[in-house]
> 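This is the structure, below, for whatever I ask next.
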Amino acid sequence: MKIASWNVNSLNVRLPHLEQWLAEFGPDVVGIQETKLEDHKFPDAALAAAGYRSVFAGQKTYNGVALLARGAIEDVQIGIPGFEDEQKRVIAGTIGDVRVINLYVVNGQDVGTDKYGYKLRWLEAVREWIKAELAVYPQLVVLGDFNIAPDARDVHDPEVWNETHILTSAAEREALQALLGLGLHDAFRLHNEEAGVFSWWDYRMAAFRRNLGLRIDLTLVSDALKPRVTAAGIDRAPRKLERPSDHAPAWVEIA
DNA sequence: ATGGTGGGGGACCCA
């Protein structure tokens, strides 16, 4: 089964791209971020017509997450239990024998800002929750827009994107490592060692054409799922379309 | 590293 993560940067604008990509790529499960839609505006009928059930947690203007699957989505959890947060950034569900947690991690703006503090607190809360989830659901995928580039291979210019920069700062990378320390693995790195494979490119400065990007969209798999991973990658095709999202889908294939 | 772009919503906020 193919499981993917895509930050669509407004599902209202990107629904045609999503429909096209579902038809062409054929994922079994998709975690969507930045839907920017209130729940009553979610296009569940259009997605059902495309063959996907959906569960979602959205709000006006910002954030918003959803899970799509060809099969039933059970035991749906919205938000981090016990962590008060008005921002819709988390949705989890079980599809078959796999638990999928979809995260839209806080961006954090700049190191040292209030938003950066919120990002680190949020990451701590999500780690505590995922630790508990792993105990219940050993076959776990944690995917999403992590807003953290794991290491120097995942940024176009490591001198700019260094230990003091947002998305690559020491504390952010430590938080990601702490998450991986629970028994999760960056699926992309199970099968790809190369540098310069990115999932996000700034809209400005013709960044996509010049491949000035970051790999911040990740699919993490648990110890129990790791031996079932047959491939992982990033599908750049939707980023080439007219009026694209600034992110491309990251995917993992599980046998 | 910015802000040259983009989304939302209707002036700025967020990324």
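For the numbers below, each heavy atom of this structure counts, side chains included, while hydrogens, waters and symmetry mates do not. Here the structure is a predicted model, which means the values were calculated and not measured. Below, read A as the first sequence line, B as the second, and so on, with proteins coming before strands; counting in each chain starts at 1.
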> Looking at the side chain of A:Tyr203, which of B:dT5, B:dG8, B:dG4 is the nearest nucleotide?
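When the side chain of A:Tyr203 is considered, B:dT5 is the closest of B:dT5, B:dG8, B:dG4.
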> Starting from P on B:dC14, measure out to CD on A:Gln59 and report it in whole angstrom.
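Roughly 12 Å, once rounded to whole Å.
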> So do A:Glu38 and A:Phe56 actually touch side chain to side chain, heavy atoms under 4.5 Å?
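A side-chain contact is absent here, since even the closest heavy-atom pair is not under 4.5 Å.
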> Are A:Trp251 and A:Trp6, when compared by the centres of their aromatic rings, separated by less than 6.0 Å?
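Ring-ring flag for A:Trp251/A:Trp6: false, centres at least 6.0 Å apart.
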> Between B:dG7 and B:dT2, how far is it from one P atom to the other, in whole Å?
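Here B:dG7 and B:dT2 have their P atoms 23 Å from each other.
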> Is the shortest side-chain N to carboxylate O distance from A:Arg153 to A:Glu194 below 4.0 Å?
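No, this pair does not count.
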> With heavy-atom distances below 4.5 Å as the criterion, would you say the side chains of A:Leu176 and A:Leu218 are in contact?
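A:Leu176 vs A:Leu218: side chains touch.
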> Can you confirm whether A:Asp114 is buried at CG, in the sense that more than 12 heavy atoms of other residues, nucleotides or ligands lie under 6.0 Å from that atom?
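Incorrect, the count does not exceed 12.
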> Determine the sole option in A:Asn147, A:Asn7, A:Asn102, A:Asp145 for which the side-chain hydrogen bond (donor to acceptor under 3.5 Å, both in side chains) test with A:Gln33 is passed.
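The single option meeting the side-chain hydrogen bond (donor to acceptor under 3.5 Å, both in side chains) with A:Gln33 is A:Asn102.
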> Send over the distance from A:Gln87 CD to B:dC13 P, rounded to a whole Å.
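Between P of B:dC13 and CD of A:Gln87: 15 Å.
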> B:dA1, B:dG8, B:dA15: which one has an atom nearest the side-chain heavy atoms of A:Ser10?
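For the A:Ser10 side chain, the nearest candidate turns out to be B:dG8.
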> Taking for each residue the nucleotide of DNA chain B bearing the nearest heavy atom, is the 5' side occupied by A:Val160 or by A:Asn107?
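Nearest-nucleotide comparison on DNA chain B picks A:Val160.
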> Heavy atoms under 4.0 Å, any strand shown: does A:Val13 hit a base, just sugar-phosphate, or nothing?
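Result for A:Val13 = sugar-phosphate.
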> From CG of A:Leu15 over to P of B:dG8, roughly how many Å is that when rounded to an integer?
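Rounded to whole Å, this separation is 12 Å.
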> For B:dA1 and B:dA15, measure between their C1' atoms and round to the nearest Å.
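Taking atom C1' in both B:dA1 and B:dA15, they lie 15 Å apart.
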> When you compare B:dG9 with B:dC14, how far apart are their P atoms, in angstrom units rounded to a whole number?
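Pairwise P distance, B:dG9 against B:dC14, rounds to 14 Å.
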> Once you round it to whole Å, what is the distance between P of B:dT5 and CZ of A:Arg209?
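My rounded result for the distance is 13 Å.
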> So for A:Asn12 and B:dG7, does any side-chain atom that can act as donor or acceptor lie under 3.5 Å from a complementary atom in the base?
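Counting by modelled atom types and ignoring angles, no donor-acceptor contact under 3.5 Å is found here.
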> Examine B:dG9: is either OP1 or OP2 under 4.0 Å from a nitrogen or oxygen in the side chain of A:Lys60? Give yes or no.
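It does not, given that no N or O in the side chain of A:Lys60 lies less than 4.0 Å from OP1 or OP2 of B:dG9.
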> Just how far, in rounded Å, is P of B:dT2 from CG of A:Asp157?
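Distance check: A:Asp157 CG to B:dT2 P gives 14 Å.
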> Can you check the A:Gln33 CD to B:dA15 C1' distance for me, whole Å?
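That distance rounds to 14 Å.
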> Using a heavy-atom cut-off of under 4.0 Å over every strand shown, decide if A:Tyr104 touches base, sugar-phosphate, or nothing.
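The residue A:Tyr104 makes sugar-phosphate contact but no base contact.
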> Whole angstroms only, please: what is the CH2-C1' distance between A:Trp201 and B:dG3?
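Rounding to the nearest Å, CH2 of A:Trp201 and C1' of B:dG3 are 21 Å apart.
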> Tell me which of A:Met205 and A:Val106 sits closer to the 5' end of DNA chain B, going by the nucleotide each one is nearest to.
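The answer here is A:Met205.
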> Using only side-chain N and O atoms of A:Arg14, determine if any of them is under 4.0 Å from OP1 or OP2 of B:dG6.
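Checking A:Arg14 against B:dG6: no side-chain N or O falls below 4.0 Å of OP1 or OP2.
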> Would you kindly give the CD1-to-C1' distance between A:Ile166 and B:dC14, to the nearest whole Å?
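Atom CD1 in A:Ile166 sits about 13 Å away from atom C1' in B:dC14.
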> Of the nucleotides B:dA1, B:dG7, B:dT5, which one has an atom closest to the side chain of A:Arg204?
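The listed nucleotide nearest to A:Arg204's side chain is B:dT5.
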> How is A:Asp246 classified with respect to the nucleic acid when contacts are heavy atoms under 4.0 Å: base, sugar-phosphate, or nothing?
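The answer is nothing, as A:Asp246 stays clear of every strand by at least 4.0 Å.
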